[in-house]
Amino acid sequence: MHWPTTPAELEAAQNELATASPPPWTPPHHILIGGVWVCFPRGLTGPGEAGDPAWAAAVVMDGPRVAGRSAIAGAASASYVPGLLALRIGPLLEDVVRRLTPGPDVLLLDATGRDHPRRAGLAVQLGAVLDLPSVGVTHRPLIAAGEWPADVPGAIAPLADGDEQVATWLRTRAGTRPLVVHPGWRTGLPAAVRVVSSSLAGRRTPEPLRRARQVARLARGSVRGP
DNA sequence: GCGACAG
DNA sequence: ATCTTGTCGC
């Protein structure tokens, strides 16, 4: 599988992914959890465009330890359009995760899964491309809706598109906005929530994502934005 | 028509 | 995503 380069091609790939039924994955007691992140120049505003400078980083964690990391400098392959995020950063994400050693058992990324116009957000697609269980974590849903959970760590509340639950709010920390957890490739809601909950390290954001963001920003360094 | 819209 | 400012808590 490779990355589509046009909206029509991506939509076709998403429609295919929406009906895929890969073997479900259940997290074992001890797993390596990966996180991947892409950052852009400071000062970049709006949806951006193809060719925007970009830095991607990935980390793999063994419990509290960073077992491996990778980073690359590259360019966005398209502007950002809701529902078509893969066109912008799909290739960068795949590239930087493939350079990660050791390889993770499951991958976290900032993207939706089934909370998507075609039920196949980037969290699903990247997992499929890499043949790796994946979980999406976002600040807000793309199209799903649902009331927030109680202000108690671990509390969840459904996010639905019509009558179908496609993701879940998860209160990772009291007094802070809940995150949206998206089942991705080979993961269901219980597995996705377990993976995220087990990687929090007392923070609002899963540690693999925080560390990947740190590494990406470090790679960006002091490069000036527009 | 208008607003909303993963990053 | 990124920026800015302000506020609160350790």
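Here is how names work: the chains are called A, B, and so on, in the same order as the sequence lines, proteins then strands, and each is numbered from 1.
Proximity of Arg217(A) to the phosphate of dA1(C): no side-chain N or O atom is located under 4.0 Å from OP1 or OP2.
Across all their heavy atoms, Ser79(A) and Gly48(A) have their closest contact at CB-O, 2.9 Å. Pairing each heavy atom of Gly146(A) with each of Leu159(A), the nearest pair is N-CD2, 3.5 Å.
Taken residue by residue, residues 187-209 of chain A places no heavy atom nearer than 4.0 Å to DNA chain B.
Put simply, the side chain of Arg204(A) never gets that close to the backbone of Thr172(A): no donor and acceptor are under 3.5 Å apart.
A search for salt bridge (charged side-chain N to carboxylate O under 4.0 Å, His left out) contacts involving Glu164(A) returns Arg114(A), Arg119(A), not counting sequence neighbours. For Arg118(A), the side chain to side chain contact (heavy atoms under 4.5 Å, CB included) partners two or more places apart in sequence, or in a different chain, are Glu11(A), Gln14(A), Asn15(A), Leu84(A), His116(A). Evaluation of the side chain to side chain contact (heavy atoms under 4.5 Å, CB included) rule for Ala157(A) yields Pro149(A), Trp169(A) as partners, not counting sequence neighbours. Ala212(A) is linked by a side chain to side chain contact (heavy atoms under 4.5 Å, CB included) to Trp37(A), Val59(A), counting only residues two or more places apart in sequence or in another chain. For Arg186(A), the salt bridge (charged side-chain N to carboxylate O under 4.0 Å, His left out) criterion is met by no residue, not counting sequence neighbours. By the side chain to side chain donor-acceptor pair (under 3.5 Å) test, Asp151(A) is found to be paired with no residue, residues two or more places apart in sequence or in another chain being considered.
Pairs passing the salt bridge (charged side-chain N to carboxylate O under 4.0 Å, His left out) check and including a residue from residues 60-77 of chain A, sequence neighbours excluded, do not occur. Residue pairs that meet the side chain to side chain donor-acceptor pair (under 3.5 Å) test with at least one member in residues 82-105 of chain A, sequence neighbours left out, are Trp3(A)-Glu94(A), Asp52(A)-Arg88(A), Glu94(A)-Arg98(A), Asp95(A)-Arg99(A).
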Original post:
Using Watson-Crick and G-U wobble pairs whose two distances are both under 3.5 Å, how do you write the pairing of DNA chain B as dot-bracket, with | for links to another strand?
Top reply: .......
Subject >> Intra- and inter-strand pairs of DNA chain C in dot-bracket (Watson-Crick or G-U wobble, both distances under 3.5 Å; | for another strand) >> reply: ..........
**OP:** Summarise protein proximity over nucleotides 1-7 of chain B in one line of letters, 5' to 3': B for base, S for sugar-phosphate only, - for none, counting protein heavy atoms closer than 4.0 Å.
**Re:** ----SBB
**OP:** Please step through side-chain contact (heavy atoms from CB on, under 4.5 Å) for the pair Leu126(A) and Leu130(A), ending with a clear verdict.
**Re:** CA-CA 6 Å; Leu126(A) 183 63; Leu130(A) 293 169; 3.8 Å; yes
